[in-house]
Amino acid sequence: MSAPTDDPVQAPTTELFHAALDMAQAAKAGNVSGWLASRYSCGKFDDVAFLMSQMLGVLIENCAIARGVHPADAWNELREQGVDEFG
């Protein structure tokens with residue numbers, strides 16, 4: 001692991017990570033008020049959004065590998081199938 005920096009891309013803080021997890025959990029449960037509360041608790045909206053995008057990318061590619069699918073093919077699959085088939 002690299003040395004900590006102030007760059008959230010290189011070293012997300014515990015605060016950012018927990019905010020991202022709380023937002024994801026609330027969104028999955030359909031809890032809009034919980035999602036909003038988590039989003040505003042951190043105050044670093046762009047940093048949290050970027051971290052969540054990174055986390056989603058890791059999950060998509062790890063799932064693809066577990067299924068024996070090349071990650072590039074998984075991205076194309078998701079684009080072709082659309083939001084209705086996601087998850």
Checklist outcome for this item: Heavy-atom closest pair (D73 atom, V69 atom, distance to 0.1 Å) is CB-CG1, 3.8 Å

Item to check | Atom pair CE (M52) and CG (L16), whose distance is rounded to the nearest 0.5 Å | outcome: 11.5 Å

Checklist outcome for this item: Closest heavy-atom pair, M23 versus W35, reported as atoms and distance to 0.1 Å, is O-CD1, 3.1 Å

Item to check | Qualifying residues under side chain to side chain donor-acceptor pair (under 3.5 Å), relative to E15, sequence neighbours excluded | outcome: none

Next on the checklist: Could you tell me if the side chain of L51 sits less than 4.5 Å from the side chain of V48, heavy atoms only?
Outcome noted: no

Item to check | Closest heavy-atom pair and its distance - G34, A26 | outcome: C-CB, 3.7 Å

Item to check | Contact check, side chains of L21 and M55, non-hydrogen atoms, under 4.5 Å | outcome: yes

Checklist entry - Between E77 and R67, what is the shortest heavy-atom contact and its length? => result OE1-NH2, 3.0 Å

Next on the checklist: Would you say that P71 contacts I60 through its side chain, given a criterion of any heavy-atom pair below 4.5 Å between the two side chains?
Outcome noted: no

Checklist entry - If you round to the nearest 0.5 Å, how far is CG of L59 from CD of Q54? => result 12.0 Å

Next on the checklist: When you compare the side chains of W75 and E61, does any donor N or O come within less than 3.5 Å of an acceptor on the partner?
Outcome noted: yes

